[in-house]
Amino acid sequence: MICRRLAQHDFESDTLHVARMLLGKYLVIRHGTSTLSGCISETEAYCGEEDKACHASKGRTARTEVMYGPPGNWYVYMIYGMYHCLNVVTEPVNRPCAVLIRGVVDVKGLPQPLKTDGPGKVCKAFGINRSYNSTPAYGSQADMWVEDRGVEIHDNQVIKSPRIGVHYAGEYKDKPWRFLLSEHPA
DNA sequence: CTATTGATGGTC
DNA sequence: ACCATCAATAGG
């Protein structure tokens, strides 16, 4: 069975391409001796300063700094004071883009099943917080990474839609930059 | 529809 | 130092 960790260069390409590519890949996190993993089922692309829905539309700040750095680092932020959202930085240095991981299915390693159909719930189930911000999502040293387990996702399994919760984003609010599996492969 | 919750960025 | 807003979620 194929089981390859993605490499940094896998995150360097166009953000829409990465968001589509991540569907069917596996998010894996190591907590000490235990490991959690699940199949990525929903993503959204956030594409640079010109994208009014992207946090980097406000320019370079302490929060967005990681997006201006090299691709393949995690971008984790807190939203509404209660939830964390997990993103991975894409595209070359100084091009502030990221993919939000909104849904993970078929999660293995939890003591009991938890709903993971939303970005806040993904982070809660996986125990993801700000301490992961700016850490690499690739390489053998990573605590949390993405694996290709050979699951092929065809275009007829992928639904594209506008992104959630970005009504304020002007001409960018209706861009079909959300990608989700119509049925998950498990 | 509302309440929750605190980080964040903009303004004073 | 304030203040409005927010890439969410649960509950009516």
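Proteins come first, then strands; the chains are lettered A, B, ... in the order of their sequence lines, and each starts at number 1.
Comparing the P positions of B:dT2 and C:dT5 gives an interatomic distance of 15 Å, to the nearest angstrom.
Put simply, A:Tyr46 rests on the base of C:dA7: the two rings are less than 5.5 Å apart at their centres and nearly parallel, under 30°.
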- Task: Report the C-alpha distance between A:His55 and A:Tyr77 in whole Å, list the side-chain angles of each, state the deciding distance to 0.1 Å, and finish with yes or no for ring-ring contact (aromatic ring centres under 6.0 Å, His included).
- Result: CA-CA 10 Å; A:His55 288 167; A:Tyr77 65 90; 4.7 Å; yes
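Taking only side-chain atoms of A:Met82, from C-beta outward, the nucleotide of C:dC6, C:dA7, B:dT5 with the closest atom is B:dT5. Distances were taken from every side-chain heavy atom of A:Ile79 (C-beta onward) to each of B:dT4, C:dA7, B:dG10; the shortest belongs to C:dA7. Checking C:dT9, B:dT4, C:dA7 against every side-chain atom of A:Pro119, the shortest atom distance belongs to C:dT9. Ranking B:dG9, C:dA8, C:dA7 by closeness to the A:Thr61 side chain, first place goes to B:dG9. Nearest to the side chain of A:Met78, among B:dA7, B:dG9, C:dA7, sits B:dA7. The side chain of A:Arg130 has B:dT8 as its nearest neighbour among B:dG10, C:dA7, B:dT8.
Regarding contacts with the backbone of C:dA7, a side-chain N or O of A:His55 is found under 4.0 angstrom from either OP1 or OP2. Proximity of A:Lys121 to the phosphate of C:dA10: a side-chain N or O atom is located under 4.0 Å from OP1 or OP2. Checking the phosphate oxygens (OP1, OP2) of B:dG9, a side-chain nitrogen or oxygen of A:Arg63 falls inside 4.0 Å.
Below 30°, between 30° and 60°, or above 60°: for A:Tyr138 and A:Phe11 the angle between ring planes is between 30° and 60°, a tilted geometry.
For B:dT5, there is no paired base (Watson-Crick or G-U wobble, both distances below 3.5 Å).
With hydrogens and angles ignored, a donor-acceptor pair under 3.5 angstrom links the side chain of A:Tyr77 to the base of C:dA7.
Taking all atoms of both residues into account, the shortest heavy-atom contact from A:Asn87 to A:Ala98 is CB-CB, 4.0 Å.
Every pair passing salt bridge (Lys or Arg N to Asp or Glu O under 4.0 Å) that includes a residue from residues 32-44 of chain A is listed here, sequence neighbours excluded: A:Glu42-A:Arg102, A:Glu42-A:Arg178, A:Glu44-A:Arg102.
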